Amino acid sequence: DTAVSQTPKYLVTQMGNDKSIKCEQNLGHDTMYWYKQDSKKFLKIMFSYNNKELIINETVPNRFSPKSPDKAHLNLHINSLELGDSAVYFCASSDRGALGNQPQHFGDGTRLSIL
Amino acid sequence: SQQGEEDPQALSIQEGENATMNCSYKTSINNLQWYRQNSGRGLVHLILIRSNEREKHSGRLRVTLDTSKKSSSLLITASRAADTASYFCATDQAGTALIFGKGTTLSVSS
């Protein structure tokens, strides 16, 4: 059983399009995250939700909008895709505690390529 | 701003040798974590060490933390080809998210 699953695994699309990435975790965690990993493998937090409430919102263009329908799901919608959005997007989850003091469990990523 | 910096950026060793990776950070932390990322996969948590701990072990992994030097090291003993991956340290800044370093790419050849 996959603990944190993301769909799709690959996403190839044209500049200007709108796309969504879905994430689900079956670990019973109450905190979920979106990260962006660039071509140099640098991993940066984008958003974090705890029990459907946004708790971290880093400096991310407002073209990116996360949505958490329940604590097991965190989706990411991206409007007007740009070339610079090409990256691997990772979803992760953890138990709540003070942020950073719990192991995080990652999905296998969504590889987004903008043509 | 980036919190952790791993060193070296890349490391190539033979099976059976030990691999040591270092992580330096800039501000005070409560916890430091190490993760592994195999090619094309997500990150896998390895060890979490708290600021009041100096050393932690898990199987062939040994992590040390020196808060006075703001540095940590990850030692993998008796490396195997399956240890080939990128290794990241991640630190918390109290009350905020984990901040990851750029990683060390380890290649273990048989």
Side-chain angles (χ1 to χ4, degrees), chain A residues 2-7 9-10 21 23-25 27 29 31-50 54-60 66 74 87-113, chain B residues 1-6 8-11 21 23 25 27-53 56 58 61 63 65 72 84-107:
Chain A
T2 304
V4 181
S5 59
Q6 298 178 227
T7 54
K9 189 172 174 67
Y10 299 96
I21 308 171
C23 178
E24 176 182 4
Q25 54 93 7
L27 296 166
H29 290 160
T31 305
M32 296 184 72
Y33 312 82
W34 277 112
Y35 288 89
K36 178 180 180 181
Q37 187 173 45
D38 64 22
S39 58
K40 296 183 179 178
K41 293 191 178 179
F42 179 50
L43 193 70
K44 191 171 178 354
I45 182 77
M46 298 174 70
F47 302 103
S48 177
Y49 271 73
N50 174 251
L54 181 65
I55 55 173
I56 292 175
N57 184 357
E58 289 295 302
T59 308
V60 175
L74 181 60
V88 183
Y89 292 84
F90 286 98
C91 178
S93 71
S94 72
D95 279 330
R96 188 70 166 113
L99 291 172
N101 74 346
Q102 297 293 329
Q104 294 187 12
H105 297 255
F106 284 76
D108 277 339
T110 295
R111 282 140 192 86
L112 174 62
S113 298
Chain B
S1 65
Q2 192 172 323
Q3 171 74 317
E5 289 277 352
E6 289 91 344
Q9 283 190 311
L11 182 59
M21 287 156 267
C23 168
Y25 56 92
T27 63
S28 295
I29 61 169
N30 296 314
N31 307 280
L32 184 145
Q33 302 187 36
W34 283 92
Y35 287 80
R36 183 188 77 235
Q37 183 179 30
N38 291 89
S39 180
R41 304 298 300 273
L43 280 74
V44 174
H45 179 261
L46 297 176
I47 288 184
L48 182 152
I49 187 165
R50 305 194 191 282
S51 59
N52 61 354
E53 297 175 310
K56 214 160 179 181
S58 177
L61 306 181
V63 166
L65 178 63
S72 174
T84 294
S86 293
Y87 292 82
F88 295 87
C89 69
T91 53
D92 68 331
Q93 295 180 41
T96 68
L98 280 184
I99 299 176
F100 286 80
K102 291 182 180 177
T104 292
T105 299
L106 174 66
S107 297

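In this text, all values refer to a predicted model and were calculated from it rather than measured experimentally. Chain identifiers are assigned alphabetically (A, B, ...) following the order of the sequence lines, protein sequences preceding nucleic acid strands; residue numbering begins at 1 within each chain. In what follows, every heavy atom counts, from backbone to side chain, and hydrogens, waters and symmetry copies are set aside.
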One pair to check against side-chain contact (heavy atoms from CB on, under 4.5 Å): B:Thr105 and A:Lys41. What are the steps and the verdict?
CA-CA 10 Å; B:Thr105 299; A:Lys41 293 191 178 179; 4.0 Å; yes

Evaluate A:Phe42 against B:Phe100 for side-chain contact (heavy atoms from CB on, under 4.5 Å), listing each step before the verdict.
CA-CA 8 Å; A:Phe42 179 50; B:Phe100 286 80; 5.7 Å; no

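Residue B:Leu48 touches chain A through its side chain alone, counting heavy-atom pairs closer than 4.5 Å. Proximity to chain B (any heavy atom under 4.5 Å) is restricted, for A:Lys9, to the side chain, taken from C-beta onward. Residue contact with chain B, scored on non-hydrogen atoms closer than 4.5 Å, involves the side chain of A:Tyr35 exclusively.
Under a cut-off of 6.0 angstrom, the local environment of CD in B:Glu53 is crowded, with over 12 non-hydrogen atoms contributed by other residues, nucleotides or ligands.
Looking only at heavy-atom pairs under 4.5 Å with chain A, the residue among B:Gly103, B:Gly40, B:Gly42 that has the most is B:Gly42. When A:Ile45, A:Ile55, A:Leu43, A:Val88 are compared by the number of non-hydrogen pairs under 4.5 Å with chain B, A:Leu43 comes out ahead.
Interatomic distance, CG of A:Asn101 versus CD1 of B:Ile29, reported as 12.0 Å (0.5 Å rounding). Separating the CZ atom in A:Phe106 from the CD atom in B:Gln37 is a distance of 8.5 Å, to the nearest 0.5 Å.
The two residues B:Gln33 and A:Gln102 make their nearest non-hydrogen contact at NE2-O, 3.1 Å. Between B:Phe88 and A:Gln37 the shortest heavy-atom distance is CZ-NE2, 3.8 Å. Here the closest non-hydrogen pair linking B:Tyr35 and A:Gln104 is OH-N, 2.9 Å.
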